[in-house]
Amino acid sequence: MPLTIAELYASPPLGELLTLHGWVRTRRTTRAVSFVELQDGSTLKALQVVLPHDKIPRQRIEAELHTGASLAVQGRLKPTPDRPQPFELEAESYTLYGAADPETYPLQKKAHSLEFLREITHLRPRTRTFQAIFRIRSGLSFAIHQYFQSHGFVYVHTPILTPSDCEGAGQLFQVTTLPLLSVPKNERGEVAYEEDFFKRPAYLTVSGQLEGELLATALGKIYTFGPTFRAEPSHTPRHLAEFWMIEPEMAFYDLSMTMDLAEDFLKYLVREVMERFPEELEFLSERYEPALLSELRKAVEGDFLRLSYSEAIEILQKSGKNFQFPTEWGSDLQAEHERYLVEEYAQRPVIVYNYPKSIKAFYMRQNDDGQTVAAFDVLFPRIGEVIGGSQREERYDKLLQRMQELGMDLTPYQAYLDIRRYGTVPHSGFGLGLERLLLFLTGMTNVRDVIPFFRAAGQMG
RNA sequence: GCCCGCUUAGCUCAGCGGUUAGAGCAUCUGGCUGUUAACCAGAGGGUCGCAGGUUCGAAUCCUGCAGCGGGCGCCA
C-alpha cells in the first residue's frame, strides 16, 4: 500500500528511499533547488519535498509542478531540526501523474471564499478546509455507531422509498416511473397510480421514525442513520433537500431517560471529535470560528440546562428583551428566543421540554395536564435546535383520539396503530441532524459546506 | 414563501456621475546559496452579471431579469 504523509509524521523512516504520492499545494523555486509542498489527503500537514536542480532540471519542474499537479516522488527523508517542519523529502526523481494547467485550474495557493468553493464541489475537497471537515464528518459518523453499538442499540435500515407522508414533516419528493408528458388518468380524471411502479404513490422518506418505532417495540433499542429528503423550498444556510439523520428509538424509555441519553450521546460525540481531530479543529478555529474550541469544551463540561417550556416562556418574558415574535404561553419558540436562552441566559446547551401539544406532532405523548406533550428540543449555541425528540403516545385510545382531532386519514397508519393494540409499551426517541451537528463541530455556518455534494432547493452542488 | 444585500481581471476586493477602470495574490519572463502564503523587477490579463432606461457623459443613477449570499418562516 502506498505510504501516506500521515504515516511519515507518525513514525518517520529517516534515510530510507521512499515513494510518496500526492498533489502539489505550492511550489517555490530558487537558484539551486525547488520546494514543493505535497499533500495527499491523509493529514492536514504537508510534506516539504526538496527538488535539487542538478538531479531534476529546473525547466521541467517549472513546466510541470504547479498547484494541483499530481505526482509520485522518490527520495529520502531528512531531519531538519532548524526549520519549521521536522523533516523533508530530498527528491531523487519524480513521475508526473497529471499536470494542472495554472491558467485554468481554479484552486490557488491562497484562501478562497466558501461561496466560490461551492461552485466547484468536485475540487473543493482538495482544500485543507474541506479535508478537515470531511475527516471530522467521517469520524463523527463512526462515533455515532460506536456509541449506539456499545450501548446495546441495533442499527436498522428503514426504507428510503415510502408510501406516504407519515410525519407531516415538510413536503415530499414524489418518486414515479409514470411519463411526465402524458400521465395516465382514470375515468375520474385522477392520476392512474395503478400504472405506476408501486401501483400507488411513492415518496422519498422524510423520517425513519415511524418504522423505527415498529422495530423498537420488538428489538428494544434501535437507531437509524441514513439520508432523509425534504422538498421544502427553504433558502437558508441550515436546510438541505437531502441530509443525514440519526434517529434512535427506545422501548421502555420515558422522557427524562431520553433526555439523559441525548445529553450523554452528544457529549460523547463532541469529546470523540475533540480527541481524534485536534489538528483539524485548530485549523478550522483559526480560519473560521475563533470561539470553536471553547464552545466545544463548554458543551462537554457542565450539565445542559433543562427548562420546561413554561419556565422558558417565563424567562423570556422577564428578559426585558424586545423580541420580534410573541412570548405568550402557547406560541412556538422562535430562533431569537432559542438564541437568547442558550447564548445569553444559560451560556451552555439547553434542553426545553413539555411543549404545548398544539405546536407539536400528533404522535407525542400527552401529559396529564391535558395541555402539554412529552417533547424536548436540545438547543446549541450558534446553531439552535440540534435534536428534537419525544416520548411517543403508546396508549391506543389517546393516539386515535388525537389523530381524529387533527382530521388525519388513518389508512396509512394501521401498522403504527397496531403496535399500540398488541403489547404496547412506553417508548421514546429523537432525531439528530448530522449536518447541523457538524456546523457546531466545525465552526462552519452553512450546511452546504459540511456535506461533499449538496442538494438544496434549486441547487445540486 | 417574505425581506435585505451583493455581482468589477483566474481569485479576493477598491473605485459609487466626469480623461485611457485599479490593487494584492495567481499566471508568464528574468533575477535570487534553501524557501515557508518566499522575495525582487518587468509583462500580459476586463464587452464592470444580462437587458432596457435617464444623462452631454453610466462600473457609478433608475427599472426588469438572472445568479449568489444573508435574515425570517418551515424544520433536522
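A, B, ... follow the sequence lines: proteins, then strands. Residue 1 opens every chain.
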Answer yes or no: side-chain N or O of [X] and base N or O of [N] forming a donor-acceptor pair under 3.5 Å.
X      : N     : answer
A/H239 : B/C75 : yes
A/S234 : B/C75 : no
A/R436 : B/C75 : yes
A/Q108 : B/U27 : no
A/Q48  : B/U35 : yes
A/E103 : B/G44 : no

Measure [atom1]/[X] against [atom2]/[N] and give the value in whole Å, please.
X      : N     : atom1 : atom2 : value
A/E247 : B/A76 : CD    : C1'   : 9 Å
A/R448 : B/C68 : CZ    : C1'   : 10 Å
A/I359 : B/C74 : CD1   : P     : 10 Å
A/F116 : B/G67 : CZ    : C1'   : 15 Å
A/E119 : B/U7  : CD    : C1'   : 11 Å
A/E115 : B/G69 : CD    : C1'   : 6 Å
A/M460 : B/C68 : CE    : P     : 13 Å
A/E232 : B/A76 : CD    : C1'   : 12 Å

Could you tell me whether [X] and [Y] have a side-chain N and a carboxylate O separated by less than 4.0 Å?
X      : Y      : answer
A/R339 : A/E344 : no
A/E295 : A/R382 : yes
A/D449 : A/R124 : yes

Pick the [atom1] atom in [N] and in [M], then give their distance to the nearest Å.
N     : M     : atom1 : value
B/U54 : B/C25 : C1'   : 39 Å
B/G18 : B/G57 : C1'   : 7 Å
B/A14 : B/U7  : C1'   : 15 Å
B/G42 : B/C50 : C1'   : 37 Å
B/A23 : B/U36 : P     : 25 Å
B/G49 : B/A66 : C1'   : 8 Å
B/U47 : B/C40 : P     : 29 Å
B/A38 : B/G17 : P     : 39 Å

Measuring to OP1 and OP2 of [N], would you say a side-chain N or O of [X] lies under 4.0 angstrom away?
X      : N     : answer
A/K109 : B/U36 : no
A/R118 : B/G69 : yes
A/Q459 : B/G69 : yes
A/Q324 : B/G71 : no
A/S113 : B/C11 : no
A/T30  : B/G34 : yes
A/Q334 : B/C74 : yes

Under 4.0 Å, heavy atoms only, any strand: does [X] hit a base, just the sugar-phosphate, or nothing?
X      : value
A/K45  : nothing
A/P102 : sugar-phosphate
A/L434 : nothing
A/T29  : base
A/F325 : sugar-phosphate
A/V386 : sugar-phosphate
A/P237 : sugar-phosphate

G-U wobble or Watson-Crick pairing nucleotide for [N] (cut-off 3.5 Å, both distances):
N     : value
B/G1  : B/C72
B/U27 : B/A43
B/C16 : none
B/A38 : none
B/G49 : B/C65
B/U33 : none
B/A59 : none

Let me know, please, whether A/N446 or A/A335 comes out on the 5' side of the other along RNA chain B by nearest nucleotide.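 Residue closer to the 5' terminus by nearest nucleotide: A/N446.
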Starting at the 5' end of RNA chain B and moving along, which residue's nearest nucleotide shows up first, A/F243 or A/R339?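 Whichever sits nearer the 5' end wins; that is A/R339.
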State which of B/G1, B/G34, B/G69 makes the closest approach to the side chain of A/H235.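 Selected nucleotide (nearest to the side chain): B/G1.
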Nucleotide nearest A/V33 (side chain, heavy atoms from C-beta), chosen from B/G34, B/C28, B/C74: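 Among the listed nucleotides, the one closest to the side chain of A/V33 is B/G34.
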Anything under 30° is parallel, anything over 60° is perpendicular, the rest tilted; go ahead and classify A/Y155 against A/H145.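 Rings of A/Y155 and A/H145: perpendicular, over 60°.
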For the OG1 atom of A/T445 and the CZ atom of A/R238, what is their distance to the nearest 0.5 Å?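 If we round to the nearest 0.5 Å, A/T445:OG1 and A/R238:CZ are 10.5 Å apart.
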As an exercise, state the distance from CD1 of A/I246 to CG of A/L437, rounded to the nearest 0.5 Å.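 It comes to 7.5 Å.
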On the ring face of A/F304, is A/K267 found with NZ or CZ under 6.0 Å from the centre and within 45° of the axis?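 Satisfied, under 6.0 Å and within 45°.
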Does NZ or CZ of A/R230 come closer than 6.0 Å to the centre of the six-membered ring of A/F173, within 45° of the ring's axis?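 The answer is no; the distance or angle limit is not met.
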Could you walk me through whether A/F325 and A/H337 pass the ring-ring contact (aromatic ring centres under 6.0 Å, His included) check? CA-CA 8 Å; A/F325 288 89; A/H337 305 139; 7.0 Å; no
Distance only, no hydrogens: is a donor on one side chain within 3.5 Å (strictly under) of an acceptor on the other, for A/D332 and A/Y355?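 Their side chains do not contain a donor-acceptor pair, so the 3.5 Å distance test is not met.
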